[in-house]
Amino acid sequence: MVVVMLPRRLFSAFLQASRRLATSPTTDGGYPKTEGAWPDDRWRSFLLPSRAHFASNCNTVVASRLQERTLIAVKPDGVQRRLVGEIIQRFEQRGFKLVGMKLIKASEDLLREHYIDLKRKPFYPSLIQYMNSGPIVVMVWEGYNVVKTSRLMVGATDPAEALPGTIRGDFGMHISRNVIHASDSVEVADREIGLWFSSIEMTDWECCTQSNIYSG
Ligand code: UDP
Ligand code: MG
């Protein structure tokens, strides 16, 4: 009997400990909560790392999401129309952090590579020519969900369809002169940042408002 009871007690204690350890922390690190009924949560407790494990990785998990980066470029029409300051202000006010910026006249080769996915589109040659027609301001912005949020801030590709309040909706003229570029996925952002910036051209810095912006 003792032989049967002992493993059951140990098993039960282990279950309770697992649930306690896997309780969600207060930070939103994408770590699921454990409320709910048996058996789902109990099994999830087994599958998830313990609180101790999470605690040691918490900063990494949360930081990797907070440190999402995207490539934003003010196109030649935006620079000519003196919209650089306005655009930077929108990203700053939204709470994102500028980690890289330069004003350059991009080479055709770089632009062709940047827009490689569009190379079969009829507008590709004119797009490259236009992007090469004058200086552009290329930036890397960092923050939670910055890729998705910046696409919303930028608005639809065609300014005629972009909502008022978006950058293209407020300043865009025509689909071929739509003021700004923003990476459209995290994978694309990684590729584009690697294309336009070397690591020494970007600066990691501590933002003193970090806790005001992100702590819940
Ligand atoms: N573009 C264009 N004509 C079109 C569609 C796109 O000149 O019919 C240009 C426009 O400048 C756009 C860029 O090509 O921003 C890249 O197109 P994409 O579909 O990736 O749009 P985005 O991601 O910039 O909204
Ligand atoms: Mg695109």
Side-chain angles (χ1 to χ4, degrees), residues 30 64-199 201-203:
S64 69
R65 296 182 68 192
L66 297 183
Q67 288 175 355
E68 185 173 296
R69 289 179 174 183
T70 196
L71 187 94
I72 300 294
V74 185
K75 294 179 174 182
D77 54 325
V79 174
Q80 296 290 345
R81 293 174 56 203
R82 319 289 202 274
L83 292 172
V84 174
E86 168 74 36
I87 288 168
I88 289 175
Q89 188 174 31
R90 288 188 180 211
F91 282 86
E92 283 190 328
Q93 286 179 341
R94 187 67 193 237
F96 294 124
K97 185 166 77 171
L98 183 62
V99 294
M101 179 165 74
K102 57 189 175 186
L103 173 87
I104 56 168
K105 188 158 181 297
S107 70
E108 283 193 28
D109 284 350
L110 180 54
L111 292 165
R112 276 199 203 95
E113 188 60 31
H114 175 79
Y115 284 121
I116 190 85
D117 292 344
L118 301 174
K119 71 176 178 201
R120 295 191 202 294
K121 300 282 184 189
F123 58 83
Y124 181 73
S126 58
L127 172 63
I128 302 301
Q129 193 181 24
Y130 151 62
M131 289 294 289
N132 178 247
S133 67
I136 60 177
V137 173
V138 204
M139 297 174 276
V140 179
W141 287 89
E142 180 184 293
Y144 182 74
N145 255 343
V146 68
V147 172
K148 183 180 175 190
T149 308
S150 58
R151 288 290 295 190
L152 289 173
M153 291 165 67
V154 162
T157 305
D158 184 350
E161 290 173 10
L163 294 175
T166 64
I167 293 167
R168 286 169 173 166
D170 288 349
F171 306 113
M173 304 296 285
H174 182 264
I175 195 164
S176 64
R177 298 288 184 275
N178 59 6
V179 177
I180 184 167
H181 166 81
S183 310
D184 63 10
S185 70
V186 173
E187 295 71 31
V188 168
D190 287 345
R191 183 183 80 81
E192 291 180 349
I193 291 168
L195 193 61
W196 289 88
F197 285 87
S198 65
S199 54
E201 288 178 306
M202 289 182 285
T203 305

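Just so you know, these numbers come straight off a predicted model, no measurement behind them. Read the numbers this way: they start at 1 and go in the same order the structure lists the ligands and their atoms.
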May I have every N or O pair linking ligand 1 to the protein at under 3.5 Å, one per line with atom names and distance?
residue	atom	partner	partner atom	Å
ligand 1	11 (O)	Lys75	NZ	3.0
ligand 1	11 (O)	Ile175	O	3.4
ligand 1	11 (O)	Asn178	OD1	3.4
ligand 1	15 (O)	Lys75	NZ	2.8
ligand 1	15 (O)	Asn178	ND2	2.9
ligand 1	21 (O)	Thr157	OG1	3.2
ligand 1	23 (O)	Arg151	NH1	2.9
ligand 1	23 (O)	Arg151	NH2	3.3
ligand 1	24 (O)	Arg168	NH2	2.9
ligand 1	25 (O)	Arg151	NH2	3.4
ligand 1	25 (O)	Thr157	OG1	2.5
ligand 1	25 (O)	Arg168	NH1	2.9

Original post:
Got a sec, which residues hit ring pair (Phe, Tyr, Trp, His ring centres under 6.0 Å) with His114, two or more places apart in sequence or on another chain?
Top reply: His181, Trp196
Subject >> Backbone of Ala162 reached by a side-chain donor or acceptor of Thr166 within 3.5 Å >> reply: no
Original post:
So does Gln129 have more than 12 non-hydrogen atoms from other groups sitting under 6.0 Å from CD?
Top reply: no
Show me the donor-acceptor pairs, under 3.5 Å and distance only, between side chains in residues 77-86 and residues at least two apart or in other chains.
residue	atom	partner	partner atom	Å
Asp77	OD1	Tyr130	OH	2.2
Asp77	OD2	Val179	N	3.1
Arg81	NH1	Phe171	O	2.7
Arg81	NH2	Phe171	O	3.2
Arg82	NH1	Gln80	O	2.8
Glu86	OE2	Arg90	NE	2.9
Glu86	OE2	Arg90	NH2	3.4

**OP:** Only counting residues at least two apart or in another chain, list the ones meeting side-chain hydrogen bond (donor to acceptor under 3.5 Å, both in side chains) with Asn132.
**Re:** none
Subject >> From Val138, Leu103, Ile88, Ile87, residue fulfilling side chain to side chain contact (heavy atoms under 4.5 Å, CB included) relative to Val74 >> reply: Ile87
